[in-house]
Amino acid sequence: MNKPKGTYDVTTNGSTWLYLEQVFYSLCANYNYQYIRTPIFETSELFHRGIGEGTDIISKETYDFTDKGKRNLTLRPELTAGIVRSYVENKMYVDSNKPHKFFTFGPAFRYERPQHGRNREFYQAGVEAFGIKSALLDSEIITLGYNYLKFLGFENIMIKINNIGNNITRTKYKETLLAYLSTHSDELCEDCKARMLNNPLRVLDCKIDNPKSVIQNAPSILDSLDEESNKYFNDLQIHLEMLDIPYVVDEKLVRGLDYYTDTVFEYIIDTDKIGNQNVVGGGGRYDNLVSTLGGPDTPGVGFSFGIDRIIEILNLLNINPTEKQLIDVYLLGINNNVDSYLLTIADALRMSGFRVEISFSNKNLSKTLKNLKDQPIRYLAIIGEDEINHGQIKLKDHQTTEEYTIDGNDLIKFLDEHCHQKD
Ligand code: HAM
């Protein structure tokens with residue numbers, strides 16, 4: 001029996017997966033986002049109303065089924081609609097302490113043509129923040145995503161940003177765009193000929209057949225913005241510049257989901273190794289989605305990363321983020337008499353947040369030391385009866401071989417000062 005097309009098993013690279021998840025959780029916690037998890041299937045209507053009938057996701061890619069109670073259900077093709085549904089259903093908007101900030105991690109399902117970085121079951125990590133419309137919040141979110149990618153070891157990160165205006169200005173822009181596209185309809189792919197009439201914005205998002213020049217020469221949505229959106233977009237850029245975030249304005253960026261208003265953005269890893277699948281994440285503001293799904297008028301903003309895509313690109317670029325996982329202290333006992341002492345120190349250090357390993361066998365000290373030579377270790381401590389009797393620990397820097405004799409009571413303080421990557 002084989003796995004279904006477009007799915008994969010996580011086997012040998014399981015620790016990379018866990019690491020990416022963990023780093024995302026702890027970064028989001030630093031930004032004061034709370035964990036939220038919603039069901040993997042929801043009513044089909046949620047996604048139709050939330051994401052938009054005219055999108056590729058809804059018209060072609062959902063896994064729909066009817067359960068034994070004849071309910072129409074859909075495996076979530078993305079995580080935002082479910083979180084907004086939960087926000088409304090649980091009346092989280094009544095809490096006046098805004099913004100309400102959430103992060104999530106989990107699988108999503110789209111019936112797409114599988115290729116490198118594109119699967120039918122894939123994992124997303126995302127954040128969503130509700131209740132405040134502010135370029136400051138958009139900047140915080142864009143920066144969080146950027147810092148995540150930086151932390152994983154990516155260097156050529158590009159962030160595309162755009163502003164697609166509000167409902168009124170966007171409706172006017174769609175008319176202008178439709179008029180332009182109509183004069184070029186013979187150059188559009190078959191799908192886009194239909195998209196053009198349903199929602200001409202979707203033509204800008206078509207990544208396949210259309211000649212680039214048609215899209216490039218299309219009127220810019222930025223020319224249609226009103227004063228408020230213009231100022232909002234300007235403010236966003238001022239914040240991003242202050243933060244040194246490498247962004248470019250892409251006036252043709254509209255994103256493939258219908259719920260966006262004003263800010264939209266995408267994270268791209270600038271590499272030719274994975275073709276079109278180098279967009280590792282995207283998001284934007286969705287100020288009408290909460291009310292569309294039955295809640296009060298509440299602005300929202302967020303993004304999602306494609307985690308399997310990130311892993312694929314890390315592999316292609318030979319970046320191994322788990323290499324950073326240095327063992328802070330490796331405790332080596334010289335004989336069995338020191339076993340319990342070893343465990344006690346290890347336990348105290350682990351409970352203080354340090355990554356600690358101990359030797360489980362002390363039969364051949366020099367062989368063990370040889371094996372440890374190339375291991376990712378910060379400090380090595382060899383413990384014998386002498387160390388126990390004097391209440392002292394000898395730490396050896398595994399890279400420089402510099403040695404320190406530390407009083408047992410000062411060990412945590414010393415490591416606090418010297419192990420910067422404590423997490
Ligand atoms: P999205 O652009 O549809 O946005 O998906 C976000 C990311 O998920 C993409 O940039 C890509 O890395 C990954 N992804 C999408 N489809 C696949 C696939 N078939 N295989 C592997 N990875 C994939 C959203 O989903 C929005 N909910 C983002 C958002 C959150 N907007 C506001 N809040």
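Position 1 is the first residue of the sequence; numbering continues from there. Remember, it's 1-based here, ligands and their atoms both numbered in the order they're listed.
Under a 4.0 angstrom heavy-atom cut-off, G117 registers as being in contact with ligand 1. Under the 4.0 angstrom criterion for non-hydrogen atoms, G256 is not in contact with ligand 1. Remark: distances from the non-hydrogen atoms of Y259 to ligand 1 include one below 4.0 Å.
Short contacts between ligand 1 and G282, defined as distances under 4.0 Å to a heavy atom of the residue, involve ligand atoms 10 (O), 28 (C), 29 (C). Per-residue contacts place G306 under 4.0 angstrom from the following atoms of ligand 1 (heavy atoms of the residue considered): 7 (C), 8 (O), 12 (O), 13 (C). Close approach of ligand 1 to E112 (heavy-atom distance below 4.0 Å) involves ligand atoms 16 (N), 17 (C), 18 (C), 19 (N). Those atoms of ligand 1 that come under 4.0 Å of a heavy atom in L257, given as number and element, are 3 (O), 4 (O). Atoms of ligand 1 found under 4.0 Å from any heavy atom of Y260 (numbered from 1 in listed order, with element): 26 (C), 28 (C), 29 (C), 31 (N), 32 (C). If you number the atoms of ligand 1 from 1 as listed, the ones under 4.0 Å from a heavy atom of E78 come out as 25 (O), 26 (C), 27 (N).
Looking only at side-chain heavy atoms (C-beta outward), L225 and N166 stay at 4.5 Å or farther from each other.
Looking at atom 32 (C) of ligand 1, its nearest protein heavy atom turns out to be G302 O, 3.2 Å. Scanning the protein heavy atoms around atom 3 (O) of ligand 1, the nearest turns out to be R110 NH2, 2.8 Å. When hydrogens are left out, the protein atom nearest atom 20 (N) of ligand 1 is N119 N, 2.9 Å; that is the closest non-hydrogen contact.
Counting heavy atoms under 4.0 Å from ligand 1, residue R309 touches it through the side chain alone. When heavy-atom distances to ligand 1 are checked against a 4.0 Å cut-off, Q124 comes that close only through its side chain, counted from C-beta outward.
Note on E42 versus R85: salt bridge recorded, some NZ/NE/NH1/NH2 to OD/OE distance being below 4.0 Å. The residues R202 and D258 are annotated as salt-bridged, a charged nitrogen and a carboxylate oxygen being separated by less than 4.0 angstrom. The pair R170-D262 does not count as a salt bridge, with every side-chain nitrogen at least 4.0 angstrom from each carboxylate oxygen. A salt bridge does not link K3 to D9: none of the charged nitrogens lies less than 4.0 Å from a carboxylate oxygen. A salt bridge does not link K252 with D205: every distance from a Lys NZ or Arg NE/NH1/NH2 to an Asp or Glu carboxylate oxygen is 4.0 Å or more.
Taking any N or O of Y286, backbone or side chain, none lies under 3.5 Å from an N or O belonging to ligand 1. For the pair E128 and ligand 1, the shortest N or O to N or O distance falls below 3.5 Å. Checked against a 3.5 angstrom limit, the closest N/O atoms of V280 and ligand 1 fall inside it. Every N/O-N/O distance between G283 and ligand 1 stays at or above 3.5 Å. Remark: ligand 1 and R255 share an N or O pair separated by less than 3.5 Å (distance only, no angle test).
A side-chain donor from one of R285 and Y232 sits under 3.5 Å from a side-chain acceptor of the other. Judged purely by distance below 3.5 Å, without hydrogens or angles, the side chains of N90 and S86 pair a donor atom with an acceptor atom.
The option from Y267, F109, F122 that lies nearest to atom 18 (C) of ligand 1, judged by heavy atoms, is F122.
Of all non-hydrogen atoms in I221 and E251, the two that sit nearest each other are CG2-O, 3.7 Å.
Between Y267 and the options F154, F303, Y148, a ring pair (Phe, Tyr, Trp, His ring centres under 6.0 Å) holds for only F303. D138 pairs in a side chain to side chain contact (heavy atoms under 4.5 Å, CB included) with only one of the listed residues (T143, T263, I161), which is T263. Just one residue in the list Y31, Y19, Y33, Y35 forms a ring pair (Phe, Tyr, Trp, His ring centres under 6.0 Å) with Y25, and that residue is Y35.
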